[in-house]
Amino acid sequence: MAGRGFGLHRVLWRCDWSRLCSNLTRDFSSSSVPSELERVGFVGLGNMGFHMARNLITAGYKVTVHDINHNTMEKFSAEGIPTKETPRKVAESSDVIITMLPSSSNVLDVYTGPNGLLDYQSRINPWLFIDSSTVDPQTSRKISVSIAKCGLKEKKGHAENPVMLDAPVSGGVPAAEAGTLTFMVGGLEKAYLAAKPLLLSMGKKLIYCGGPGNGAAAKICNNLAMAISMLGVSEAFALGQNLGIRANVLTNIFNSSSARCWSSDTYNPVPGVMSGVPSSRDYEGGFTSKLMAKDLGLAMASAADVGLKFPLTSEAHDIYTKLCEMGYESKDFSSVFRHYYHGNNEN
């Protein structure tokens, strides 16, 4: 919120928060959420989490961080931000926990593994856990159940047990840095309402998706569509180039016609067509092909769980897996244009 009248927003948030807490006190049962948001523990400081945590700090939250990358931790420590060696240590000094991790296995380990946020404790300090990782809905629901079985070390308001929101994001690294992410949120609706000021310190749009796991489900569906869209656009650009149409001309056509989509008008995969996107910097600093392959695997597994067959998702997963095998797993997923379809730079 830096540079956007933070002081005034903060005052307004506190006023809104006081009114909300009054409503929660009247309406909530013993399983409802308490009102403390100020002390935030952040676990996972990768391309996305690094900027999200920084935005919380800028907004005035008391943030404590943890990451397995000690160099990243040192960057925060050098600025006076408390760092902890384990997720459990973060939980001991936080009222709210936010996690941003690469995979379902990482999430399970951070929450329920040795020295994890829960670490088989029956009573914990945080009242609210927000997982912004992209994981399968089953993992989110499993962790939500584990958290709900815990009690609080200190009673906060009328809450007897902590709660969890699964809140994956859309917008990529640029939106994480700018604080303009979109959050897709699953979990207890009143927990979502209570967490809104915190989420709006990192994003500009919040969408409540329903019960536990629904945020994760929405994210998987979003990334499925995004991956297939990027492949379609990349194929069209590669074909156009081979037929003698320049990519900037084809982009103008797409963006003025029925082919218009995010992969063309906001995240164009052809180098030289658009500035400020990964294709303009050798496909660095974006959403990696490895993560896209992982997310498509989650989509396929979720489809199988409900008895559906998705041939386009399967083909997209094969293409991104092949891209990773070719050595481009750390390049942005839009690099499929150059490295799989062998498209050319736009001159």
Side-chain angles (χ1 to χ4, degrees), residues 42-53 67-69 72 98-110 130-140 166-177 181-184 202-203 215-234 262-263 266-269 277-279 281-303 310 312-340:
F42 205 109
V43 179
L45 304 170
N47 288 340
M48 298 290 290
F50 180 89
H51 296 296
M52 294 166 68
D67 194 88
I68 59 173
N69 187 325
T72 301
I98 300 174
T99 51
M100 186 54 146
L101 302 160
S103 68
S104 298
S105 60
N106 295 132
V107 171
L108 287 169
D109 185 55
V110 162
I130 301 173
D131 181 35
S132 288
S133 316
T134 299
V135 300
D136 59 280
Q138 293 80 5
T139 294
S140 291
D166 49 288
V169 300
S170 180
V173 175
E177 185 172 7
L181 291 166
T182 294
F183 283 85
M184 295 156 268
M202 301 176 286
K219 173 62 174 178
I220 289 174
C221 293
N222 180 80
N223 281 20
L224 182 162
M226 181 172 67
I228 293 173
S229 170
M230 181 59 74
L231 295 182
V233 165
S234 295
W262 181 85
S263 296
T266 303
Y267 212 81
N268 198 288
V277 295
S279 63
R281 51 178 184 268
D282 194 28
Y283 301 103
E284 296 289 346
F287 186 71
T288 66
S289 298
K290 177 174 63 177
L291 290 178
M292 181 56 82
K294 182 265 293 185
D295 290 355
L296 288 167
L298 294 177
M300 290 178 61
S302 294
F310 289 161
L312 292 182
T313 305
S314 178
E315 182 66 19
H317 181 257
D318 289 345
I319 289 173
Y320 277 104
T321 299
K322 176 64 174 178
L323 194 65
C324 293
E325 292 171 351
M326 293 166 64
Y328 304 111
E329 68 275 4
S330 296
K331 295 290 188 178
D332 183 76
F333 80 105
S334 64
S335 69
V336 71
F337 167 76
R338 174 188 286 174
H339 299 304
Y340 186 85

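Counting begins at 1 with the first residue of the sequence.
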Can you name the nearest heavy-atom pair linking Asn268 to Val277, along with the distance? O-CG2, 3.9 Å
Taking ring pair (Phe, Tyr, Trp, His ring centres under 6.0 Å) as the test, write out the residues that go with Phe50, two or more places apart. Phe76
Report the C-alpha separation of Phe310 and Met300 in whole Å, then their side-chain angles, then the decisive distance to 0.1 Å, and conclude whether the side-chain contact (heavy atoms from CB on, under 4.5 Å) test is met. CA-CA 7 Å; Phe310 289 161; Met300 290 178 61; over 6 Å; no
List the steps and the verdict of side-chain contact (heavy atoms from CB on, under 4.5 Å) for Leu231 and Glu315. CA-CA 10 Å; Leu231 295 182; Glu315 182 66 19; 6.0 Å; no
With respect to Ser104, which candidate in Asp109, Asp136, Thr134 satisfies the side-chain hydrogen bond (donor to acceptor under 3.5 Å, both in side chains) definition? Asp136
With sequence neighbours left out, what residues match Asp131 under side chain to side chain donor-acceptor pair (under 3.5 Å)? Thr99, Ser133
Candidate pair Tyr283 and Phe337, rule side-chain contact (heavy atoms from CB on, under 4.5 Å), full reasoning: CA-CA 10 Å; Tyr283 301 103; Phe337 167 76; 3.8 Å; yes
Mark yes when over 12 heavy atoms from residues, nucleotides or ligands other than Lys290 sit less than 6.0 Å from its NZ; otherwise mark no. no
For the CE atom of Met326 and the OH atom of Tyr340, what is their distance to the nearest 0.5 Å? 8.5 Å
CG of Asp295 to SG of Cys221: how many Å apart, nearest 0.5 Å? 11.5 Å
Between the CH2 atom in Trp262 and the CE atom in Met226, the distance rounded to the nearest 0.5 Å is 5.5 Å
Taken in chain and number order and not counting sequence neighbours, the residues that satisfy side chain to side chain donor-acceptor pair (under 3.5 Å) with Glu284 are Lys331
State whether the side chain of Ser170 and the backbone N or O of Thr182 hold a donor-acceptor pair below 3.5 Å, judged by distance alone. no
From CG (Leu296) to CG (Leu312), nearest 0.5 Å: 11.0 Å
Could you tell me which non-hydrogen atom of Leu323 sits nearest to which non-hydrogen atom of Ser335, and how far apart they are? CD2-OG, 3.8 Å
Mind listing the closest non-hydrogen atom pair of Val135 and Ile220 along with its distance? O-CD1, 3.6 Å
Please round to the nearest 0.5 Å and tell me the distance separating atom CG of Asp67 and atom OG1 of Thr72. 5.5 Å
What closest approach, in Å, do Pro278 and Ser334 show between heavy atoms, and which atom pair accounts for it? CB-OG, 4.3 Å
Report yes if some heavy atom in the side chain of Asn223 is under 4.5 Å from a heavy atom in the side chain of Phe287; otherwise report no. yes
Audit row: Met48, Leu181, side-chain contact (heavy atoms from CB on, under 4.5 Å) steps and yes/no: CA-CA 10 Å; Met48 298 290 290; Leu181 291 166; 3.7 Å; yes
Locate the shortest heavy-atom distance separating Ile130 from Ala167; write the atom from each residue and the value. CG2-CB, 3.7 Å
Hey, what's the ring geometry for Tyr320 with Phe333, parallel, tilted or perpendicular (30° and 60° as the breaks)? tilted
Less than 4.0 Å between a side-chain N and a carboxylate O, is that true for Asp332 and Arg338? no
Please report the interatomic distance CD1(Ile319) to OG(Ser289), rounded to the nearest 0.5 Å. 11.5 Å
Quick check: do Asn69 and Leu45 have side-chain heavy atoms less than 4.5 Å from each other? no
All heavy atoms of Val169 vs all of Met100, minimum pair found to be CG2-CE, 3.6 Å
Tell me if a side-chain donor or acceptor on Asp166 pairs with a main-chain N or O of Ala216 at a distance below 3.5 Å. yes
Suppose we screen for side chain to side chain contact (heavy atoms under 4.5 Å, CB included). Which residues come up paired with Thr321, at least two apart in sequence or across chains? Ala293, His317, Glu325
All side chain to side chain donor-acceptor pair (under 3.5 Å) counterparts of Ser314, not counting sequence neighbours: none
Looking at residues at least two apart in the chain, or sitting in another chain, which of them share a side chain to side chain donor-acceptor pair (under 3.5 Å) with Ser263? Ser229
